[in-house]
Amino acid sequence: MTYDIVVDGKTHQLELTRGEKTWLCKVDGQEIEVDAALTARDVMSVLIGGKAYEIKRERSLQGELHMVIGSARYAVDVQDPRSLRTRRAVGGSEAGPQKVKAPMPGKIVRILVSERDEVKAGQGIIVMEAMKMQNEMKSPKDGRVQKILTAEGSVVNAGDTLAIIE
Amino acid sequence: MTYDIVVDGKTHQLELTRGEKTWLCKVDGQEIEVDAALTARDVMSVLIGGKAYEIKRERSLQGELHMVIGSARYAVDVQDPRSLRTRRAVGGSEAGPQKVKAPMPGKIVRILVSERDEVKAGQGIIVMEAMKMQNEMKSPKDGRVQKILTAEGSVVNAGDTLAIIE
Amino acid sequence: MFKRVLIANRGEIAVRIIRACREMGIESVAVFSDVDRKALHVRKADYAYHIGPATASESYLNVDKILDVARRSQAEAIHPGYGFLSENARFAQACADHGFKFIGPSPESMEMMGSKTRARQNMKRAGVPFVPGSERGLDIDAAERLAEQIGYPIMLKAAAGGGGKGMRLVQSPGELHSAYENARSEAQRSFGDNEVYLEKYIINPRHVEMQIFGDEHGNIVYLGERECSVQRRHQKVMEESPSPVVDEGMRRRMGEIAVRVAKAANYHNAGTIEFLVDEQRNFYFLEMNTRLQVEHPVTELVTGLDLVHLQMRVAAGEKLPFKQENIRLRGHAIECRVYAEDPDNNFFPSPGQITRLISPSGPGIRRDSGMYEGWNVPIEYDPLLAKLVGYGEDRDQAIDRLLRALYEYFVGGIKTNISLFRRILKDPDFRAGNLDTGFLDRLLAKPSNETDPRRPIVAAIGAAIFASMEPKATLPGANGATARNGNAAPRPTSNWRRTARAEAMRER
Amino acid sequence: MFKRVLIANRGEIAVRIIRACREMGIESVAVFSDVDRKALHVRKADYAYHIGPATASESYLNVDKILDVARRSQAEAIHPGYGFLSENARFAQACADHGFKFIGPSPESMEMMGSKTRARQNMKRAGVPFVPGSERGLDIDAAERLAEQIGYPIMLKAAAGGGGKGMRLVQSPGELHSAYENARSEAQRSFGDNEVYLEKYIINPRHVEMQIFGDEHGNIVYLGERECSVQRRHQKVMEESPSPVVDEGMRRRMGEIAVRVAKAANYHNAGTIEFLVDEQRNFYFLEMNTRLQVEHPVTELVTGLDLVHLQMRVAAGEKLPFKQENIRLRGHAIECRVYAEDPDNNFFPSPGQITRLISPSGPGIRRDSGMYEGWNVPIEYDPLLAKLVGYGEDRDQAIDRLLRALYEYFVGGIKTNISLFRRILKDPDFRAGNLDTGFLDRLLAKPSNETDPRRPIVAAIGAAIFASMEPKATLPGANGATARNGNAAPRPTSNWRRTARAEAMRER
């Protein structure tokens, strides 16, 4: 099987072949023999040339995939090379409308702008509260408030779009 | 829903009705209001009139069901009253052939009898080893060894039939 | 001893008190709000009662509801934990009025210590050293005159304050007016009381506090100090005992003054006297906390005592079972407060479901936790999930054991500040004991660079093998695409979008 | 200090040593057999090497394979843990011959202490008190004469023995001949050495042992005693420190004798001198264990020291960092050995998959564990899963904390002896400290009756709600029958069959 795997923004080409007891991995052209064993849910023990790694997989509610090794944490994206171009294109660019999303579940305590307002990049748009802390969600760019999709007092989930800046 | 529930050998009749926030349980005719919440897998928090119980469910490989409350452990059998009679009948009786089963996974180290041998109740049939301990499996009754279903050196699972005494 | 005790709290401290109850043969009564039905303290208690909606003022802060449960459950005493109603003298009084023993000091002691200016006046009389400043709330003119007299920088503080609210640092005369107004209005908003006082600002102070304990028969002892200088936004993050800066002589002087403070307040049960320590190791009384502290475990490990057991015994009328000279400090303990917050993203709160939890144990590790795998951390309460405490023969061993335990600790699904503690514990200044309350902010301003060049490759290999192990990937026709889908989460985010969001956050 | 250490062991002790390595900045090398690929020590180590099939003689006991891994992994030292090769002098010698530091005593010390009769001769010369008996293996005629002289009952023991193998109690002259033959042949089978010696049998003895520690510069200290009288079939089940029967004077006498024993053996690193204590509190040298003991944590909690750290430091040539007068014992610690065995069914071993694991933590609780949820306990090794240790200001508090922690402990899928510890800790004789090596057998002979009349109903309610929550039960057409199926396990067993089996087992 072949994967393109993005680790902390850097793409690695990976070819994986299952051997009798181990896996053969070709990583960016280099061959590595890997003894991998799933020990508990989302916890894999990996031995590479005697070196032992415990790799924990974590998928967040927002769909992010992380690999945690010891105390280091890596943002990982597993991609099929053929569909990569399409996916990249979907992302949109700075030029188009951008969403202000809730980075955490919480309660909307104040909305600082109105629809059609002109805003600067970094300007406060919405104030959220969670766990007794208030945090300001800011505009990602200079532009205009196209839409506000929440109301004061609402409870929102992480990843919910709160406003769109065009 | 109606259940016959056998707890440590004693049968209780249970009628369960789901209320808005709590369950209504009729246990052996007595009505009890129960606030139940599944907290983690197989761990239920139950409140009955303010008293709090944490109930852990455990199903063994051999199919036994236990409820653990604090440090007390109860063998439980959940039965549908209509099929109860049938199931009871399946069990067999002392008169017929009886199985000597492995109570744990382990290795057969010695077989002490041969097929067709006459045996007494309590007589050693097979010696198993697990975790550096040897244990003798004994005949459940006076009778004759009908069949031996394992061999010295074999590794067996818990519940495997090792021999049949007729 | 009490037969049944109600715990008017939640989270790790409720669990900790429930455990003490069970150890002492006392039945525990938990209370819970709507969102806490599945909280760990409800799972562990002998009794549990619902007390209302998530909003604290309608549940954990609601005196009537708590007293009602105490009545219904036939509790004899109430332990308030920390936070919530723990320093509310009216609650302590209401408990007494309704025939429940409040496990803590008398309402009078709490009242006296509750107002910082009143505490100050009482303590001055007892000969306790203070940071130069005003003894009571003052108007802007008086503030101006006093600031001139003791010299800038000065600090404005809310008389009813705490947790950094209503505090303003003033570097020069020109800043005084607007700072005064801001402090006043913030004090009004936060505490309903706009009284503001003024103090000399100590440069690079340490925050050191002394644990005291008194019984109801007039005996008061001190149980050693705690260094609490590792703070972010005036909130403690790590605490240790003993303090790297306190030697035996200073401990005795500080302890004796702390006992004097407690005696002046006619204090009983657990209490803490907070001091500021300047660079010359002079110390100044700051305030008294009239409750059990979050960080009490470090004192427990170093003294070998159980402060919650002691609280119960003293509240039940027993005498302290030891004298000052019997207290034997041994070893060193350090506590990490594990918060649901994202250290890589401006310490944003991170409530949500804990999908995976791997907890450390072993030699020298104590863990007081309110979380479990599968639990949903609610958005309504403070983000303290657990306390991880390392104990060692000396400070170095305590640090090394904590680093080992943090290496084992894994909380999946939400973000926590576990990685922050590794940074702190490896910092040369921390290891040398060079601490002051500005230490953590300075550390956070520096770039973090923990890297192992080989590990990202290992992460990639791990991700690929995980992906290939997914059930979907083994179906006929499976290829890279299916593997990706198998591995992707409910709402896939492209790498670009993730980066964009991270940048947007960094700007704030 | 060493850069890299190989741990020639498995299970909880391998994990405990790996943790110490990480704390000290030493890289750890684990070894594993076929069935241990997923064991916790492999997960936690920095390096891990496969060394062969499950059978210990072809893996953990195979000296060549372990030395080969030490070479390949470039380890500098080898820690043997306990059991396996830990008391094998030839292994210690082979380590030295191949340039690896053996973390333990010298092969010469081990050799001298390995043969009980030789140890006895050496110790006698050092003035160590002994149970009256023979000083070496004897033939049946000599045994007969000596038994007559010191008086029955007497005990026959294998010179190379341990763990109860090759031991026979002889109550009267008539039993001597057959007991002698049995002991001899069991000794031959178990140790390949049929030498048997004889001792006076002490009625109701306590088993008390003294921890000693020596460096390679001639310094030896004692670190307090452990009471190990709670045994089943000569195997320790619980240990505590201090012993309820040892006071300060007795501790000093016993400690000084233990140090004398160690000096006579030119001993360094961790070691334990075992004593029998009779009803008059006389104590007699039993044997020396030339390794770290399973029960070392109770000593660590009471002394505040880390014995594995010390082992590493001493093996690296450092001097002991303290003197005898610096050792300060404080509080009380009790250890429970959690075994995979069924206390309700003749203590049958219970290997298999751990389907659910809820572990205790909190104040005064230390847990050293080799298991995790989802792990399969293999059938090939000893059944020790974890050690739960309670520490308290005094013995009562240690007991109460352990009871609390055991209440929280839940191991699902396999059977463990957790319930046994509750029985022991609640027993009036145990609580009073009235212990001897027959205590546990007497307790087990008594019927157990822990009941709460209301709980079975709660169990029934719980089972019904669990059943009704099963996904199948909520499908259209679901009724009692589906609910039962949903709740039933892969191989349903009727109640009758279960009872029949339980009875069959009880007969054994």
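Keep in mind the model is a prediction, meaning the values are calculated, not measured. Every heavy atom of this structure was used, including side-chain atoms; hydrogens, water molecules and symmetry mates were not. Chain A is the first sequence line, chain B the second, and so forth, proteins listed ahead of strands; every chain is numbered from 1.
Listed by sequence position, Ile32(B), Val34(B), Ala36(B), Leu38(B) are the residues of residues 32-39 of chain B in contact with chain D, using a 4.5 angstrom heavy-atom cutoff.
The nearest pair of heavy atoms linking Met131(B) to Pro383(D) is CE-CA, 3.5 Å. In plain terms, the two heavy atoms of Ala130(B) and Pro349(D) that are nearest each other are O-CG, 3.4 Å. Taking every heavy atom of both residues into account, Tyr74(B) and Pro456(D) meet most closely at CE2-CG, 3.9 Å. Scanning both residues, Gly462(D) and Met67(B), for their nearest heavy atoms gives C-SD, 4.2 Å. In plain terms, the two heavy atoms of Lys132(B) and Tyr381(D) that are nearest each other are CD-C, 4.0 Å. Shortest non-hydrogen contact noted between Ser468(D) and Trp23(B) is OG-CH2, 3.2 Å.
Partners of Asn417(D) under the side-chain hydrogen bond (donor to acceptor under 3.5 Å, both in side chains) rule, at least two apart in sequence or in another chain, do not exist in this structure. Applying the side chain to side chain contact (heavy atoms under 4.5 Å, CB included) rule to Arg189(D) yields the partners Ser185(D), Glu186(D); only residues at least two apart in sequence or on another chain are considered. Among residues two or more places apart in sequence or in another chain, the ring pair (Phe, Tyr, Trp, His ring centres under 6.0 Å) test is passed with Phe84(D) by Tyr60(D).
Contacts between Ile414(D) and chain B at a heavy-atom distance below 4.5 Å involve the backbone alone (N, CA, C, O). For a residue to count as touching a neighbouring chain, one of its non-hydrogen atoms must lie under 4.5 Å from one of that chain's; by this rule Leu16(B) touches chain D with the side chain only. Heavy atoms of Phe410(D) lying under 4.5 Å from chain B belong exclusively to its side chain. When heavy atoms are compared at a cutoff of 4.5 Å, Tyr409(D) does not approach chain B at all. Of the two parts of Leu14(B), only the side chain, counted from C-beta on, holds a non-hydrogen atom closer than 4.5 Å to a non-hydrogen atom of chain D. Residue Arg41(B) touches chain D through both its backbone and its side chain, counting heavy-atom pairs closer than 4.5 Å. Proximity to chain B is absent for every atom of Ala56(D), based on heavy atoms less than 4.5 angstrom apart.
The side-chain heavy atoms of Ile55(B) and Ile465(D), taken from C-beta on, include no pair separated by under 4.5 Å. Side-chain contact between Arg73(B) and Lys415(D) is present, with heavy atoms from C-beta onward closer than 4.5 Å.
The greatest number of non-hydrogen atom pairs below 4.5 Å with chain D, out of Met133(B), Met104(B), Lys99(B), is found for Met104(B). Each of Val68(B), Val27(B), Ile69(B) has some count of heavy-atom pairs under 4.5 Å with chain D, and the biggest count is that of Ile69(B). Taking chain D as the reference chain and counting heavy-atom pairs below 4.5 Å, the highest number among Val43(B), Asp28(B), Val155(B) is found for Val43(B).
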Open item on the list: Checking Met44(B) against Phe466(D) for the side chain to side chain contact (heavy atoms under 4.5 Å, CB included) test, could you report, in this order, the C-alpha distance in whole Å, the side-chain angles of both residues, the deciding distance, and whether it holds?
Closed with: CA-CA 8 Å; Met44(B) 195 194 290; Phe466(D) 267 123; 3.5 Å; yes
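Heavy atoms of other residues, nucleotides or ligands lying less than 6.0 angstrom from NZ of Lys107(B) number 12 at most.
Judged by distance alone, with hydrogens and angles left aside, the side-chain atoms of Glu58(B) form a donor-acceptor pair with the main-chain N or O of Gly413(D) at under 3.5 Å.
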